[in-house]
Amino acid sequence: MFACAQCGKRYDAPGYCAADGSPLVGAADPLIGTEVGRYRITSVIGEGGMGRVYLGVHPTIGSRVAVKVLSDQCTHNPELLERFFHEARSVNMIRHENIVSVIDMATLPDGRPFIVMEFIEGNTLAGLLRSGRKPLGGIVQLMSEVLSALGAAHAIGIVHRDLKPDNILVTGEGHAKVLDFGIAKLGPGLAHGSPRTATGALLGTPAYMAPEQISGTTVVDARTDVYAAGVVLYEAVTGQCPFQGETLFDLMRQHVHDLPRPPRHLRPDLSATFEAVILTALAKNPEERFQAAAAMVAALQRAAAELPPEEWKALSSRANAISLRGSTPSLPPPLMGPDAAPTRPGSSPTPGPYSPNPPRDPTGAVISREPYSPMRPEAQATVPAHPAPTQKRGI
C-alpha cells in the first residue's frame, strides 16, 4: 500500500498522486491514508511508548492538524487513558495563544482514543538548544510567552507540573507554544480532577522538578511551575541543566539540597541582574521564588533592558533571517501580578530576592535511597517509587 505524503490518498502501486503530483511513499502504518474524524492521515510525525502522533489533512480545504492516537495497550490502562483525555480537558479550559490548542477528541472504530490538535511548524526548544548558544533577548522573548501561558493556567487553578524544553514548541517565527498538560494538576472545583497516581509515586521529569515536587511534603502550586521555568531558563542560557546527577537519586537530592552553579560561571556575558532572575526562580523554598509567573516576566524584562541590540534575535532559523530594527528592542508590557510592578525600559533593574546563602531544605524531608529509573515520555512523565528497570518513551 502506498499513499501521498501531501494529501494522504491511498494507491496500490508506487508512482505519483493523481490529485497533486506528489510522489507516493510506502504506507506501513494502517492509519495512513484513512480518515480520522474530518481529517485524512498522511504521515507519522511522532512516536513513543504510549502511541503515535500523525499529520492529518482536511481532504477538501487542505488544513493540517496533529492527531495523537493512544496505543491499544495503553487504551486498556485506566490511569493512562485518564491522563490522555485530561490533557484535552485542561487545554480547553485555559485557551491561550501560547498553548497548543485541542480541536477535537473522539475514539477510533477499534476503540483507541485520539486527540486532534493544531499543527505547529517548527521545533521543540530542546531541539533548538542542541544547536548551540542562543541570544539572550530571544530567550527572554520566548520565556515571556511561556510564562504568559503558565500564568493563564495558574489563574484558573491549573499547574502544568511537567514544563521542560521538550514540551515547548517554537514556531517558525520564534513564538512559544506550550504543550502536554497530561499530568497537570487541577484546582478544587474544576471538572474531572487531576490524574491519579499510586502512593509514593512522583509526577514530572526529574531534571525539571521542584524540591516540593520531589519530597511530596509541600503543596504543588504555581511556584512549582516557576521553578521548572527557572530550570528551562538556566538551560537555555548556559546550555546545560543546573543539576546533573550521576544517578536519579543524586539528581533529585541536588534539587532539594544543593545550590546550582552560578550561571555567569558558564556564560560570562550574563549580567548580575539576569543571573538573579534565574537564581530567584530556582530558590529551594517556594516563598523565596517569584510568587507568580507574571512577576518572573517583569523581572526578566527589567534584566533585558541591559541587552545590546545584537542579542535580540528570535530562537528560530526562519526569524533569524530578519534583523530587528532600532537600537532598543521592543518588549511587550510587563504582565501584572502580586509581585510585579510596572517598569519602563531603561529604568534601574531590580534583582530578585535571591540570597547567596545556601538555603536549607524547607521540608526537612529525608529522600528515600531507593533507586529510581528515569522516564521521559513526550506527553506525560511519571516516575514511580519502584518502577520497572526500563520504560519506553510515550507521547
*Would a distance-only check, ignoring hydrogens and angles, find a side-chain to backbone donor-acceptor pair under 3.5 Å from Gln291 to Arg289?*
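Looks like yes, one N/O pair under 3.5 Å.
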
*When you check the side-chain N and O atoms of Thr224 and Gln213, is any donor under 3.5 Å from an acceptor?*
no

*Do any pairs count as a salt bridge (charged side-chain N to carboxylate O under 4.0 Å, His left out) and have a residue in residues 18-35, sequence neighbours left out, and if so which ones?*
Asp29-Arg52, Glu35-Arg40

*How would you list all residue pairs meeting side-chain hydrogen bond (donor to acceptor under 3.5 Å, both in side chains) that involve residues 233-252, not counting sequence neighbours?*
Tyr208-Glu235, Asp250-Arg253, Asp250-Gln254

_Ring centroids only, cut at 6.0 angstrom: are His86 and Phe181 within range, meaning strictly under it?_
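Centroid distance His86-Phe181: not below 6.0 Å, so no.
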
Return the set of residues passing ring-ring contact (aromatic ring centres under 6.0 Å, His included) with [X] (not counting sequence neighbours), or none when no residue passes.
X: Tyr227; value: His255
X: His265; value: none
X: Phe274; value: none

For [X], what are the other residues in its hydrophobic cluster, where any two members join if their side-chain heavy atoms are less than 4.5 angstrom apart?
X: Val57; value: none
X: Val220; value: Val159
X: Val219; value: none

*asked:* Between Glu145 and Lys177 (salt bridge meaning N to carboxylate O under 4.0 Å), is one present in this structure?
replied: no

_Using a strict threshold of under 4.0 Å (side-chain N to carboxylate O), is an ion pair present between Glu121 and Arg64?_
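A salt bridge links Arg64 with Glu121.
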
*Sole residue of Glu287, Glu288, Glu212 in side chain to side chain donor-acceptor pair (under 3.5 Å) with Arg223*: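 The single option meeting the side chain to side chain donor-acceptor pair (under 3.5 Å) with Arg223 is Glu287.
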
Residues that [X] engages under side-chain hydrogen bond (donor to acceptor under 3.5 Å, both in side chains), provided they are two or more places apart:
X: Asp269; answer: Arg267
X: Thr42; answer: none
X: Arg95; answer: Asn92

*Show your reasoning for whether salt bridge (Lys or Arg N to Asp or Glu O under 4.0 Å) applies to Lys68 and Glu87.*
CA-CA 11 Å; Lys68 182 185 290 189; Glu87 176 178 9; 3.0 Å; yes

Donor-acceptor contacts, no H, no angles, side chain residues 108-116, under 3.5 Å, sequence neighbours left out:
from	atom 1	to	atom 2	distance (Å)
Asp110	OD1	Arg112	N	3.1
Asp110	OD1	Arg112	NE	3.4
Asp110	OD2	Arg112	NE	2.9
Asp110	OD2	Arg112	NH2	3.1

*Can you name the closest pair of heavy atoms from Leu128 and Lys134 and give their distance?*
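In this case the closest contact between Leu128 and Lys134 is O-CE, 2.8 Å.
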
